[in-house]
Amino acid sequence: MDYAQRIGVALGLLRGSDNVTAFTGAGISTESGISDFRSPGGVWDRYRIVTYQEFKASEEKRKGYWRMKSALFKEMSGARPNRAHQALASLEQMGKLRCLITQNIDGLHQDAGNSGDNVIELHGTNRTAYCLSCGLTWPIEEVQARLEEADYDPRCTKCNGLVKPSTVSFGQSMPEESMRRAVEFSVSCKVFLMVGSSLQVEPAASIPPAANNAGAALIFINRTETPWDHIASVVFHEDAGRVLGDLDDALREKLTCGDSVS
Ligand SMILES: [Zn+2]
């Protein structure tokens, strides 16, 4: 199928459903200038990974970790939602998107206008940090200010506990409630729209087939092939911004036409 035909298939699925679950990975944010951590030259390439256990046990490891985060924050500051993020926010406004599951920690879906209640952040968020002892939470900007003063082992202002970004670190278990909700929305949707993940690692690898087994049609948008392309109704290897932008334009056009008739 050529591009226009595939857009036609995806449109048919999206027009016919008000029960869409989207699942996004790093690929949706690369067009916003945020590098895929796993890609060559990405953060994981430039810095050694610090596990949750190492973070808790070693001041030296914590300082290395916060230096890495500090560099990452600089890279992420100024990143804005792109056309793909905007299209997913639009899909929610149209009443079609019920849930948006993301592996990203950049907060760009909320910036684009998706409601925080509908966004499930499987890997947590870089927008806040919290105390490992008492749970007190701060906007990341406040912690960033301390990093800029070279305080690379920031402590809780209330109990002196260790402070860590609200992201899920290596060696830290996935938030159970988020996982439970993600699976629930995936197996109860009619259309599962996957954007920007190569579906190589869990839980990304097992969610799309679970949705498909439960009866959902799959739309995949990712630059590279995934292990599950063969069960998808339609697959795009084009840029997410282009594909979702075209889908959004077509869906809006239809809505506008409908409005002018009535
Ligand atoms: Zn504390």
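Note that ligands are numbered from 1 as they come in the structure, with each ligand's atoms numbered from 1 the same way.
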Test item: Glu31 side-chain N/O and Ala240 main-chain N/O as donor-acceptor pair under 3.5 Å: yes
Total protein N, O or S atoms, the Zn ion (ligand 1), separation less than 2.8 Å: 4
Lys63 with Asp153: basic N within carboxylate O range, under 4.0 Å: no
Validation: residues 140-148 side-chain donor-acceptor distances under 3.5 Å, sequence neighbours left out:
from: Arg146; atom 1: NH1; to: Arg155; atom 2: O; distance (Å): 3.4
from: Arg146; atom 1: NH2; to: Arg155; atom 2: O; distance (Å): 2.6

Geometric class of the Trp66/Phe73 ring pair [parallel <30°, tilted 30-60°, perpendicular >60°]: tilted
From Leu199, Val234, Leu193, residue fulfilling side chain to side chain contact (heavy atoms under 4.5 Å, CB included) relative to Phe220: Leu199
Spacing of Thr21 atom OG1 and Ile207 atom CD1 [to the nearest 0.5 Å]: 10.0 Å
